[in-house]
Amino acid sequence: MGMTSQATETELEDFLRRALRATGTADLWATESDEMWCRVAPRPARPGPAQGWKLHVSATAASAPVVLAKSLEVLLRDGTGFKFARSLEQVSALNSRATPRGSSGKFLTVYPRSDADAARLALDLHRATAGLTGPRILSDQPYAANSLVHYRYGAFVGRRRVSDDGLLVWYIEDPDGNPVEDKRTGQYAPPSWAVSPFPASVPVAPRAAEAAKRPVVLGGRFSVREAIRHTNKGGVYRGSDVRTGAPVIIKETRPHVEADASGADVRDWLRAEARTLERLRGTGLAPEPLAVFEHAGHLFLAQEEVPGIPLRTWVAERFRDTGGEAYHAEALEQAGRLVELVAASHAHGCVLRDFTPGNVMVRPDGGLRLIDLELAVPDDDTALPTRVGTPGFSAPERLVDAPVSPTADYYSLGATLCFVLTGKVPNLLPEEPEERAPQDRLAAWLDACATVLPLPEALRETILGLMRDEPAERWDPARAREALRAPGAARPTAAGRASGTGPQDPDGAVDLTIAGIVDHLVDSMDPAGDRLWPVSTKAGETDACTVQQGAAGVLAVLTRYFEATGDPRLPDVLTTAGRWIAERTDTRSTRPGLHFGGRGTAWALYDAGRAVGDRALTSHALALALAPQEATPSHDVTHGTAGSGLAAVHLWQRTGDPRLAELVADAADRLAAAAHREPDGVSWPVPAEAVAEEAGKRYLGFAHGLSGIGCFLLAASAVTNRPEHRELAVAAGELLVAQTAVVGGAAQWPAQAGDVPTAPYWCHGSAGIGSFLVRLWRATGDDRYGDPARRASRAVVERASRAALTQCHGLAGNGDFLLDLAEATGDPAHRAAAGHLARLIVSERSHRGRHVVFPTEYGDVSTSWSDGSAGILAFLLRTRHTEPRHWMVQQPV
């Protein structure tokens with residue numbers, strides 16, 4: 001069967017239709033397509049193996065039509081099921097530099113019926129596609145050297161289970177029927193029991209990835225010492241020039257990654273970077289180039305190693321080490337250097353096309369150097385446009401094929417200045433319809449930032465000037481330089497000088513946002529779906545009913561909203577959601593923990609049933625709470641004993657059921673038995689049987705460590721009336737006091753004892769630790785706990801502009817801590833600070849009709865508690881209604 005026409009941009013499956021017609025076999029095959037795949041299965045449906053040796057065939061966007069046509073000749077004749085990427089766009093996505101190494105390159109997947117079939121089909125496909133182009137599939141073993149056919153042992157059908165850390169994972173079974181995670185990594189690693197039916201492959205020539213494991217000299221000159229990183233496009237390595245002993249950086253690119261229809265790929269980018277480095281040789285703007293060479297089909301570029309740290313790292317570490325006030329003076333100086341760096345690059349005829357904080361090195365002497373210039377081109381270059389860039393830093397027109405222009409670098413410079421001063425660039429999701437221009441939304445976000453940091457007026461205007469929507473209207477570096485050098489340029493804006501405790505939200509944006517989030521949650525509920533509400537799964541996927549990422553988290557917030565407002569839409573929503581969860585939760589056994597476990601779900605169900613008077617829901621919730629729990633070595637709130645106990649405290653307060661009091665006592669006793677006494681207090685190191693690679697770590701934060709455990713024990717002591725439980729909570733506080741680091745008046749803590757301080761979030765850091773300490777202070781009256789809790793608020797406020805929006809690692813969780821502090825101290829300044837955080841959150845909202853949505857840390861949209869709009873709504877509601885914090889229990893003062 002020949003291939004005589006090009007595939008359209010979106011319809012590789014046209015080839016399948018033509019092949020079925022040509023062979024007269026259309027009635028013998030069932031086809032099904034989704035956005036990504038076209039699946040093809042023989043008729044009538046036959047039961048096949050659930051796991052085994054499966055085949056993958058790789059292709060590029062240029063070769064995919066021919067590879068598919070040749071593969072169809074084999075597969076349609078054989079009658080074996082398969083799937084393939086249905087469009088050239090999807091093929092490009094599979095081969096992009098951003099694709100995870102465990103997934104890249106898998107254009108076509110074949111599901112053989114037996115090991116013998118796998119070996120036979122692999123040979124036939126290898127012969128059929130010989131001489132065609134496609135990338136190496138890193139998770140698989142190549143059938144032969146330079147073959148497009150690869151194989152690995154894995155699942156054929158979608159079987160998933162909840163792993164020990166609460167995430168849904170694909171699994172296979174060992175010969176004894178035990179589940180084993182089917183890991184897709186960038187390395188071929190078959191299970192020990194799987195015997196390969198394939199002939200021994202021709203050994204693949206050593207690659208630079210292996211050079212990090214043993215001394216290897218590449219290009220006859222460069223000794224590799226260690227790997228800096230591995231991505232789908234290749235690796236980056238540190239080494240030395242054996243001729244001179246000088247330190248070098250060696251960059252590797254793999255064939256056919258990010259390949260376009262012309263056949264150009266990341267190797268061409270590396271050649272372009274080498275040309276740019278030659279152009280800048282001797283200027284001091286970039287590393288000096290040393291050599292370009294090939295090794296085992298991969299292309300390498302060796303260049304001078306620039307000492308120092310990336311600007312992205314410098315921003316984080318300088319802010320952490322100096323505190324907000326001192327940092328901002330340095331940041332203004334750094335802004336001037338960045339303007340000069342871009343101006344000098346343009347003066348030497350280079351358009352950078354990817355100017356970001358990750359692509360600038362800060363030398364030990366403070367000087368700046370450009371690195372990773374793979375997208376840079378001469379200003380007179382006729383290079384084709386590229387959509388490759390860094391979201392947030394690349395000009396919008398750059399990501400939609402705009403011609404090469406220095407005005408795109410102006411935008412990137414503005415975004416980088418924004419990052420240096422504020423710690424991030426806001427992720428402003430598109431609006432539908434677009435009623436607010438992006439530059440106006442950016443201005444609103446900068447104005448909100450000015451309520452929590454000393455934002456110099458000149459830098460604010462420079463950022464807005466450089467990042468204007470219209471390329472022709474953007475400031476150039478000369479105008480930016482002039483603005484930053486003007487008299488009084490460092491003076492903060494009026495908003496930045498105001499510490500005010502006056503009225504928050506003068507334009508009512510918070511109230512409108514609350515209404516828009518609720519509208520979205522009400523309208524997006526899908527009782528017929530696998531998930532009740534849409535969530536992001538980029539960080540992993542949990543059980544559909546849990547608090548962290550499932551329906552229970554959203555249900556709890558909507559219950560609180562109904563109790564506060566009486567919205568007449570909500571009783572039906574709460575009843576439907578509660579019954580949906582009840583149908584999917586097993587009262588015979590539950591997983592431990594609050595956020596990932598059954599008792600957190602029971603908490604949400606009970607409160608919802610109570611709010612709408614549904615006794616069936618409250619009864620199911622109580623049965624779920626009392627159900628036996630799976631054994632756990634985890635001590636923490638999210639996955640372990642403390643979280644199960646905290647939920648039992650809440651439900652005991654709701655019901656008075658003595659069985660729940662017994663569960664509280666049991667959890668507290670188990671934690672007491674596992675406590676590790678230390679000179680400064682007490683800790684709960686991670687047991688080896690919980691997470692082997694984490695064994696012995698002493699986390700301090702609320703989600704996974706000491707603060708959450710201490711908070712439960714403090715609450716438990718009010719239920720058990722046993723002094724040893726309270727004493728353990730106090731000892732936990734003592735260790736936290738000993739671990740406090742005060743920088744510029746702000747209290748910070750490391751993620752685990754002995755490390756450097758981390759960001760001040762609920763999961764790890766000041767917001768979560770402060771949430772426990774403020775409760776310990778109220779319970780004991782000892783200001784040794786109250787003082788660091790109040791100082792923790794300064795860390796939270798100082799870092800506000802740098803934070804994401806969410807509960808777990810962001811402004812919503814931080815704002816909830818400030819409201820806790822306001823309640824405990826009676827100081828209106830803390831409530832005002834929480835209002836400033838609310839304004840920051842609201843400034844990043846996006847309208848989708850009457851719905852309001854927010855970006856997650858990964859740039860998509862989620863409704864969940866931990867990383868989505870439910871957690872944001874919970875905090876915003878507390879700024880409007882005096883009510884308890886979610887997932888925290890009330891305790892006597």
Side-chain angles (χ1 to χ4, degrees), residues 593-594 633-646 649 664-665 667-687 690 696-720 722-741 747-755 757-758 760-792 817 820-821 824 887-889 891-893:
L594 194 160
S634 297
H635 308 307
D636 65 16
V637 163
T638 55
H639 295 78
T641 302
S644 295
L646 202 62
V649 173
V664 173
D669 287 343
R670 280 189 281 136
L671 288 169
H676 178 72
R677 297 286 180 175
E678 301 192 22
D680 293 324
V682 67
S683 67
W684 281 266
V686 176
K697 293 184 177 179
R698 299 147 61 226
Y699 286 114
L700 304 181
F702 202 99
H704 308 297
L706 185 63
S707 299
I709 295 169
C711 196
F712 161 64
L713 288 167
L714 186 63
S717 68
V719 180
T720 65
R722 287 166 53 185
E724 64 266 29
H725 296 153
R726 182 182 172 96
E727 288 167 4
L728 277 173
V730 170
E734 288 296 311
L735 185 63
L736 291 169
V737 169
Q739 289 286 327
T740 306
Q748 302 179 54
W749 286 267
Q752 57 174 317
D755 284 356
T758 189
Y761 299 139
W762 171 82
C763 186
H764 297 289
S766 302
I769 292 170
S771 295
F772 166 52
L773 289 178
V774 72
R775 285 164 172 77
L776 188 59
W777 169 54
R778 295 191 78 183
T780 63
D782 190 338
D783 202 47
R784 293 173 59 253
Y785 312 124
D787 179 67
R790 292 189 296 273
R791 290 180 180 274
F817 161 59
D820 290 351
L821 203 55
W887 317 119
M888 299 288 272
V889 297
Q891 56 193 61
V893 179

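- For Asp636 (side chain) and His639 (main-chain N/O), a donor-acceptor pair under 3.5 Å exists by modelled atom type.
- Side-chain atoms of Glu727 and Leu713, non-hydrogen and from C-beta on, never get closer than 4.5 Å to each other.
- Using a 4.5 Å cut-off on side-chain heavy atoms (C-beta onward), Cys763 and His704 make contact.
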Determine, stepwise, if the pair Phe712 / Leu671 fulfils side-chain contact (heavy atoms from CB on, under 4.5 Å).
-> CA-CA 10 Å; Phe712 161 64; Leu671 288 169; 3.5 Å; yes

For Arg726 and Thr780, run side-chain contact (heavy atoms from CB on, under 4.5 Å): C-alpha distance rounded to whole Å, both residues' side-chain angles, the deciding distance at 0.1 Å, then the answer.
-> CA-CA 10 Å; Arg726 182 182 172 96; Thr780 63; 3.8 Å; yes

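- The residues Asp783 and Arg790 are annotated as salt-bridged, a charged nitrogen and a carboxylate oxygen being separated by less than 4.0 angstrom.
- Note: Gln748 CD to Thr740 OG1 = 10.5 Å, rounded to the nearest 0.5 Å.
- Minimum heavy-atom separation, Ala729 to Phe772: O-CZ, 3.4 Å.
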Does the pair Gln752 and His764 meet the rule for a side-chain contact (heavy atoms from CB on, under 4.5 Å), with working shown?
-> CA-CA 9 Å; Gln752 57 174 317; His764 297 289; over 6 Å; no

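- Contact annotation: the side chain of Val730 approaches that of Leu776 to within less than 4.5 Å [non-hydrogen atoms, C-beta and beyond].
- In terms of heavy-atom proximity, Leu700 sits nearest to Pro750 at CD1-O, 3.7 Å.
- Judged by distance alone, with hydrogens and angles left aside, the side-chain atoms of Thr638 form a donor-acceptor pair with the main-chain N or O of Ala703 at under 3.5 Å.
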Worked check of salt bridge (Lys or Arg N to Asp or Glu O under 4.0 Å) between Asp820 and Arg778 = CA-CA 11 Å; Asp820 290 351; Arg778 295 191 78 183; over 6 Å; no

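- Considering all non-hydrogen atoms of both residues, Ala675 and Leu728 come closest at CB-CD2, 4.0 Å.
- Neither side chain, Trp749 nor Thr758, offers a donor N or O lying under 3.5 Å from an acceptor on the other.
- In this structure, the side chains of His635 and Arg670 stay at 4.5 Å or more apart for every pair of heavy atoms.
- Residues Trp777 and Asp787 form no side-chain contact, since every pair of their non-hydrogen atoms from C-beta on lies 4.5 Å or further apart.
- Between Phe702 and Val637 there is a side-chain heavy-atom pair separated by less than 4.5 Å.
- At a threshold of 4.5 Å between non-hydrogen side-chain atoms, the residues Asp669 and Arg722 count as touching.
- In this structure, Ser683 contributes its side chain and Leu706 its backbone to no donor-acceptor pair below 3.5 Å.
- The minimum heavy-atom distance linking Ser766 with Ala747 is given by the pair OG-O, 2.8 Å.
- When every heavy atom of Pro760 is checked against every heavy atom of Ala767, the shortest pair comes out as O-CB, 3.5 Å.
- Met888 is not listed as a side-chain neighbour of Val649, based on a closest heavy-atom distance of 4.5 Å or more.
- Taking each heavy atom of Val737 and Arg784 in turn, the nearest pair found is CG2-O, 3.6 Å.
- Side-chain atoms of Ser644 come within 3.5 Å of backbone N or O of Gly593 as a donor-acceptor pair.
- The CZ atom of Arg698 sits 3.5 Å away from atom CD of Glu678, with the distance rounded to the nearest 0.5 Å.
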